[in-house]
Amino acid sequence: MIQAEKKKRVIDIKNLDMKLKIENDFYNVINEVSLYVEEGEMVALVGESGCGKSMTAKAAIGLQPENSVLTGRIETDNENLLEYSEKEWEKRRGKETAMIFQEPMTALNPLIHIGKQIAENARTHGADKNEAKQRALEMMKMVGLPDVERLYRNFPCQLSGGMRQRAMIAMALINNPELLIADEPTTALDVTIQAQIMELLKEMNEKTGTAVLLISHDLGVVRNMCSRLYVMYAGHIVESGSIDEVFENPMHPYTRGLILSVPDVTKREQELVSIPGTVPSLAERKQEGCPFYDRCERRLEVCQKKACEMQDVNGHMIACHLYTGTQKEV
Amino acid sequence: MENQKEILISARDLCKEFKSNGRTVHAVNHINLDIYKGETLGLVGESGCGKSTFGNMLVHLHTPDGGEILYQGEEISHLKKKELKQMYRKIQIIFQDPYSSLDPKKTIGWLIEEPLRIHRVGADKQERAKLVQNMLEVVGMDESYLDKYPDELSGGQRQRVAIAIALILNPEFVVCDEAVSALDVSVQAQVLNLLKKLQKQFSLTYLFISHNLNVVSYMSDRIGIMYLGEIVELGDVKEISANPLHPYGRALFSASLGVGKSNDSRIVLQGDLPSPSNPPGGCPFHTRCFMATEKCSSVKPELQNLGNGHYCACHRVEECRKRAEAVCGLEKKEAVTGIA
C-alpha cells in the first residue's frame, strides 16, 4: 500500500518471538508479534495479565530478561534494535525511546531528590549540570507539578502517587523522545488521579508530538485515549485496528469477550458475558493451533491444529479462522 | 416507603480513629447508614476514604470508637465473646487478595471445612465433608480441588474458594471488600456472575466495597459515595450513575471510563486527596471542588434527604439538581469540561 504521505514509524516490530529459558526448558512468551507506532500516534496494547504485553514493551526498549532469546526484528530508522549492544542501548534509552512504569514508587530511587533524578536523564544524554537543572524544572512545571523549586529537593516518599507519576513522566519526556512506552501508568492510582494522569499524557502527546505506546488492561482508558489498538492473548496479537472500529465491531472471540465482560450499570439485569477458564500459564501453552482454542466458544475444527494468520477483514486485522471462509463450528 | 423494607444492619453515628505518630486519623467520621435485607449496597471512594474500615467494623474486625451497629435492631458492636461467635455465623467477609487471605499450607478442603469445625456444625467428619463438597459445587468447582493447595489455583479459583469459606455457614450478610479487584476482566465477570447467582440462591445481603465504579454500578441496588471518612452521597444506583448530584460524585463518575463510547466531557479534579489526618475544615471536598464557594470552606454541609432515598451533602445541591434536570432534558448533550 502506498500512501500519499507516509508517516515515519517510530517503532516497527516485525515477527518478534521471545522464548524464556527456565531450567533448561524454553517457553514461548511472545509469538510472531508485529506492531508499529507512527510518529505522534497513541497506540494501545491490551490484554489480560500474563499475555506478554509487558514483555513486548520491555523488548522494545531493550530491557528483556537475561534468560530470554529474541528473534525477529524491531526496526527504527532502518536499524534493527535487536542487534544493538548494551552501549548502543544506553544511548538510545531515555533519549529516543523512553518508558514509564506502573508503580512510581519502586521506579524512583528513594534516596535521591526528585529533581536530581529528573535532571539525571538529561545529564546522561549530554546536557551540562545547569542546563539539566533548568530543563528538569521546566519539565516539572510542564507536567503540572506545583512549587517546582521546592519539589526539586524533595524525596520521592514526600510525594503522593499522582505526583510521583507526574515526576516519572517529566523524567521520561525531558529529552523529547520519539516514543514513550507507558506500561500500565495508572493502574496503581485512584480513579480521579488516573483521570489527571491520562489527561496529562494526552496533553503531552499533543504538545510534544511524542508517540505513546500505552499498555493497559483497562479497556475504558484505552477507549478514551488512543487511536489504534492491538489486542494480545497468550503471546499472540489476535486483533488490531482503529479504536472505534474494534470497539464497535469486535470480531475475534477474545476481543468480543473482553469488551462484553466489562460490567456497567446498563447490564444490571443481565448476566455478564464471561470467558470460561483463565489465561494459560507458560507451561500450559500449546505449541500448535489457535492460542485461544481452549477458551473459545466458537472454535472450529481447524483451530485445534492450525493457528490463523493475521489478515485484513473489513478494515481491521484479525487472526481467526471464523472469518476466513465457511467452516463448520464444533 | 422505606418502612416497607426490612433493615438488616445499620450504622448509627459510627466513628473510627487511628492514632499514629501523635496524629489522629478519622478513618470513619460519624456515618449513618441502613442496609436493607436482600439488597446490595455499593460503597465507592478513593483509597484512604475509609470504605474498608467501615466494612471491617460491620464484621467486627475493628471496634468502633463511637456510635453503634445494629443488627436487626440489636446492638452488636460490644458483644461478649460467646455472643460474638454466634454473630460471626451471620456476617462474613470476602477480601480483595485471594493470594494472601488463604493459608498456603492448608488444603482447599481443610480451609473450607474450618468454619464448620469452629462452629461445630455437622455431626461428624463425613457430614462435614459432604457440606464442603456441596459448597465447592455451588461455587463452580469440583471435588478434585479438595486436596489441592492454594498455590495450585488461579486467582479466580482462589476467590471462589474464599467465597465458599464465607458462605459455608449460611450467613445473612456478606461484606465484599474489593472482592474482584485483583482479577482480570474475563475472570472478574465470572466471579461477579457467581456472586449475583449466590445472592439469589441464599438470599444474601451484600455490602459491596470497590473503587471500580463500573463493577459497583453493575452489582448494587444502592450506591454510597465516600470521601474522607464521610458519606457525601447515597441513593438508588440508576439515579446516581445517571445523575450524580454531589460534585465529587460527578467527578468520580465522569472519570470512570466505560467501553461504550468515547467520553469527552470528563471532569478532571485538581490536586490530590487531602491527608485524612488533617482534613480540611468545612466541607471536606472543598479543596478540590470545582463549585466551591466561601461558605464551603467554613461550614460543613449535612447529609440531607432529597426524597426517594437520595441523600447528598452539599451546600449547592439545589443548583446541582437543577443542572441535573436540565442535562436530563438535553439528553446529556452539554459537556462539562471546565474547572472553575
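Just so it is clear: chains get the letters A, B, ... in the order the sequence lines come, proteins before strands, and each one is counted from 1.
- Between Arg223(A) and Ile243(A) there is a side-chain heavy-atom pair separated by less than 4.5 Å.
- Contacts between Gln188(B) and chain A at a heavy-atom distance below 4.5 Å involve the side chain alone, from C-beta outward.
- Your options are Gly162(A), Pro276(A), Ser49(A), and the one with the most heavy-atom pairs under 4.5 Å with chain B is Ser49(A).
- The aromatic ring centroids of Tyr152(A) and His113(A) lie 6.0 Å or more from each other.
- Of the two parts of Val222(A), neither the backbone nor the side chain holds a non-hydrogen atom closer than 4.5 Å to a non-hydrogen atom of chain B.
- Salt bridge present: Arg268(A) and Asp221(B) bring a charged side-chain N and a carboxylate O closer than 4.0 Å.
- Among the residues in residues 233-241 of chain A, none has a non-hydrogen atom closer than 4.5 angstrom to a non-hydrogen atom of chain B.
- Counting heavy atoms of neighbouring residues, nucleotides and ligands inside a 6.0 Å radius, atom NZ of Lys141(A) does not exceed 12 of them.
- For the atom pair CE (Met42(A)) and CZ (Arg228(A)), the distance works out to 13.0 Å, reported to the nearest 0.5 Å.
- Options Met219(B), Lys196(B), His211(B), Gln190(B) differ in how many heavy-atom pairs under 4.5 Å they form with chain A, and the most are formed by Gln190(B).
- Comparing Gly155(B), Ala189(B), Ser186(B) by how many heavy-atom pairs each has under 4.5 Å with chain A, the most go to Ser186(B).
- Glu46(B) has a carboxylate O that lies under 4.0 Å from a charged side-chain N of Arg288(B), or vice versa, which qualifies the two as a salt bridge.
- Using a 4.0 Å cut-off between charged side-chain N and carboxylate O, Glu203(A) and Arg166(A) make no salt bridge.
- Atom CG of Asp183(A) is separated from atom CG of Leu214(A) by 9.0 Å, given to the nearest 0.5 angstrom.
- Highest contact tally toward chain A, considering only Ser220(B), Ala251(B), Ser154(B), is held by Ser220(B) [criterion: heavy-atom pairs under 4.5 Å].
- When Leu192(B), Val215(B), Val44(B), Asp272(B) are compared by the number of non-hydrogen pairs under 4.5 Å with chain A, Asp272(B) comes out ahead.
- Annotation: cation-pi pair Lys267(A)/Tyr218(B) absent, no NZ/CZ under 6.0 Å from the ring centroid and within 45° of its normal.
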